[in-house]
Amino acid sequence: MSGLKRLPSLPHAIEFTVTDDGPGIPERFRERVFGMFQTLKPRDEVEGSGMGLAIVKKLIEIQGGKIWLTEGQAGQGLSVHFTWPYSKRESTNVIDGKFAAG
């Protein structure tokens, strides 16, 4: 599940949300996963390098956005939210009640 929405409190940004139904990340570790080479499991138990969310966070912040994690729907999985700056020079189309930049 994913979504886009314009935020009245941030008129020059669009909020994106991507939600999965995986095991999630306990709240106490949600900031840690944005650190370079950080994983929640030992290296021999995980396929990832621990760089993905760190790189994404850096790219979003360079553009002036923010990223954060919340619990997924119905207490299952994880939702990744981020804002991306929007300017009047860019056009926004509404598709099925959701915003799509383009």
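All residue numbers refer to positions in the sequence shown, counting from 1. Since the structure is predicted, the reported quantities are computational estimates derived from the model, not experimental observations. Reckoned from all heavy atoms, side chains included, excluding hydrogens, waters and symmetry mates.
Interatomic distance, E31 CD to L53 CG, rounded to the nearest 0.5 Å: 11.0 Å. Of the inter-residue distances, the one linking E61 atom CD with F34 atom CZ reads 9.0 Å to the nearest 0.5 angstrom. R32 CZ to I25 CD1: the interatomic distance, rounded to the nearest 0.5 Å, is 10.5 Å.
Looking at V33 and Q38, their side chains never come closer than 4.5 Å, going by heavy atoms from C-beta outward. When side chains are defined from C-beta on, H81 does not count as touching F16, because their heavy atoms never get closer than 4.5 Å.
Side-chain atoms of D20 do not come within 3.5 Å of backbone N or O of G77 as any donor-acceptor pair. Side chain of T83 to backbone of K66: a donor-acceptor contact under 3.5 angstrom is found.
The minimum heavy-atom distance linking I55 with M36 is given by the pair CG1-CE, 4.4 Å. Heavy atoms only, all atoms of each residue included: P85 and G64 are closest at CG-C, 4.1 Å. In terms of heavy-atom proximity, T17 sits nearest to S79 at CG2-CB, 4.2 Å. Nearest heavy-atom pair across L78 and R30 is CD1-NE, 4.3 Å.
With F82 as the partner, the side-chain contact (heavy atoms from CB on, under 4.5 Å) test is satisfied by one option alone out of I67, I14, L69: I67.
Taking hydrophobic clusters as Ile, Leu, Val, Met, Phe, Trp and Tyr residues chained together by side-chain heavy-atom distances below 4.5 Å, M51 does not share a cluster with I62.
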